[in-house]
Number of protein chains: 2
Amino acid sequence: MKDKKTIFEVDKNNEDKKQLFIDAAICSLANHGYKGTTVRQIAKYAGVTPGLLTHYYQGKEVLIAESYKYLATQFLDDFQNKINEGMDNPISALRGFFQNIFAPENLGKRYLRVWLAFWTLTLTEESLRNTHSDIYKEYTKSLENILRSAYIHNEQDPSKKNLRSLAVGILAMLDGLWLECCLDPDALSKNDNLAIIYEFVESTTGLKIKTN
Amino acid sequence: MKDKKTIFEVDKNNEDKKQLFIDAAICSLANHGYKGTTVRQIAKYAGVTPGLLTHYYQGKEVLIAESYKYLATQFLDDFQNKINEGMDNPISALRGFFQNIFAPENLGKRYLRVWLAFWTLTLTEESLRNTHSDIYKEYTKSLENILRSAYIHNEQDPSKKNLRSLAVGILAMLDGLWLECCLDPDALSKNDNLAIIYEFVESTTGLKIKTN
DNA sequence: AAGCCAATTAAACAATTGTACAATATAAAT
DNA sequence: ATTTATATTGTACAATTGTTTAATTGGCTT
């Protein structure tokens with residue numbers, strides 16, 4: 001199996017130059033933040049000369065917007081794939097989802113730098129706002145589906161629950177915990193976070209999540 | 001009573017110049033984001049010439065760091081004051097706290113711009129990280145205190161609950177909902193948010209929050 | 001080999017940035 | 001009124017920014 005490329009490394013030999021620039025832009029955002037992500041810095045990660053950027057993209061801002069769409073879509077796809085794989089046991093799929101979020105390789109300043117840059121752009125570029133909105137809707141919908149399956153799996157009636165509110169609440173708490181973790185890595189350990197999430201999810205959904 | 005100044009307006013006649021610059025910096029961040037917050041823009045909001053900034057602050061970055069400390073501290077103080085006032089009825093104080101967060105005047109892009117800029121700085125400046133860490137600790141502690149009081153007020157035993165986990169979880173969900181609200185104002189209404197929060201808080205704490 | 005087209009480079013552009021500094025204004029103290 | 005110290009301005013500067021453009025490369029077709 002191909003080893004999974006992280007967003008912190010760029011394959012300079014990538015023949016798809018448009019994708020190469022996206023990889024380089026994300027990598028630069030992760031390592032140097034929005035301010036440090038200059039055309040020259042992106043070009044360095046791409047192993048290319050600054051002037052080439054405008055040959056493939058209308059400009060720097062457009063490239064970063066495309067990078068956002070790419071990364072957000074990729075995250076959603078990953079999520080949905082993992083969920084669909086584990087649909088035979090929705091509860092353990094849910095558990096895997098939570099654990100993955102707080103896995104060390106998905107935390108840290110470098111990830112936060114990327115999302116801070118994207119959120120910042122969302123405030124000014126309408127196309128990004130629409131991208132975010134679309135992805136968020138699908139995200140919640142997918143989580144609703146797992147919850148529904150989990151209820152059925154437990155022979156409970158999902159129709160008695162407000163699945164949407166549950167999904168939105170859970171995602172909000174995940175975002176909040178993740179944000180705090182990145183801002184202050186010493187504040188909460190992975191186990192702290194999981195315990196909090198499990199407790200909240202069990203209380204509100206009535207589903208048994210924790211393993212004994 | 002003095003009308004409360006928002007972070008979107010600056011009193012150019014303020015004789016305390018150091019504070020004037022802080023107000024101007026925050027105002028600029030709110031209206032133009034980190035990228036648009038130049039020394040010249042800050043000076044314009046302060047009604048002053050760009051050169052004056054280095055006379056009162058070591059540089060632009062230092063000023064913004066000070067602005068963060070000021071605003072974060074102010075928010076914490078406001079929170080603690082309101083809580084202390086309502087300590088005779090902790091449950092309604094809690095309710096007021098929730099409602100205040102999702103009041104229209106505390107939402108919106110302009111607020112998010114400020115915090116995105118600050119969070120971004122937190123990733124590079126250690127002093128800001130410490131400020132954030134300190135304030136967050138006090139924030140959770142205060143929320144723990146309300147919860148404890150609420151239990152006692154209801155003649156329940158607070159020692160049976162993990163107050164810290166509850167507080168951290170609630171704050172995380174608030175942050176997540178607030179963030180999503182700012183990024184996509186159409187996604188969730190104020191009532192949506194409150195319903196979600198109330199439901200989660202009631203389920204996990206066992207306290208009755210909702211009004212009939 | 002010759003010619004052509006796209007990819008890529010290298011250099012230059014004007015604009016904007018944060019900051020430094022000498023000149024000037026202001027107010028207080030003598 | 002003169003001095004002194006501080007507050008403020010206006011300008012200049014070097015550095016960096018995103019982008020443009022002419023020159024150069026490299027591979028493909030004929």
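Chain letters run A, B, ... following the sequence lines, proteins first, then strands; residues in each count from 1.
- Here salt bridge (Lys or Arg N to Asp or Glu O under 4.0 Å) pairs that include residues 74-94 of chain B, with residues two or more places apart or in two chains, number zero.
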Stepwise side-chain hydrogen bond (donor to acceptor under 3.5 Å, both in side chains) check, A/D192 with A/S189:
CA-CA 5 Å; A/D192 287 339; A/S189 73; 3.2 Å; yes
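- Heavy-atom contacts of chain A under 4.0 Å fall on DNA chain C between two terminal nucleotides, which in 5' to 3' order are C/dA7 to C/dA12.
- The ring-ring contact (aromatic ring centres under 6.0 Å, His included) test with B/F118 is passed by exactly one of B/Y34, B/Y68, B/F75: B/Y68.
- Contacts classified as salt bridge (Lys or Arg N to Asp or Glu O under 4.0 Å) and involving residues 13-26 of chain B (residues at least two apart or in different chains) are given here: B/K5-B/D23.
- Residue pairs meeting the side-chain hydrogen bond (donor to acceptor under 3.5 Å, both in side chains) criterion with at least one partner in residues 107-119 of chain A, sequence neighbours excluded, are A/N31-A/R110.
- Heavy-atom minimum distance, A/C182 versus B/L123: O-CD2, 4.4 Å.
- Using a 4.5 Å cut-off on side-chain heavy atoms (C-beta onward), B/L166 and B/N162 make no contact.
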Show, in sequence, the C-alpha distance, side-chain angles and deciding distance for B/Q41 and B/Y45, and conclude whether the side-chain hydrogen bond (donor to acceptor under 3.5 Å, both in side chains) test is met.
CA-CA 6 Å; B/Q41 186 67 254; B/Y45 277 111; 4.6 Å; no
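- With a 4.5 Å cut-off on side-chain heavy atoms, B/S142 and B/I83 do not count as touching.
- Sorted by residue number, the list of members of residues 7-21 of chain B with any non-hydrogen atom under 4.0 Å from DNA chain C is empty.
- The shortest non-hydrogen separation linking A/D175 to B/G176 is CB-CA, 4.3 Å.
- The stretch residues 48-61 of chain A touches DNA chain C through A/V48, A/T49, A/G51, A/L52, A/H55, A/Y56, each having a heavy atom under 4.0 angstrom from the strand.
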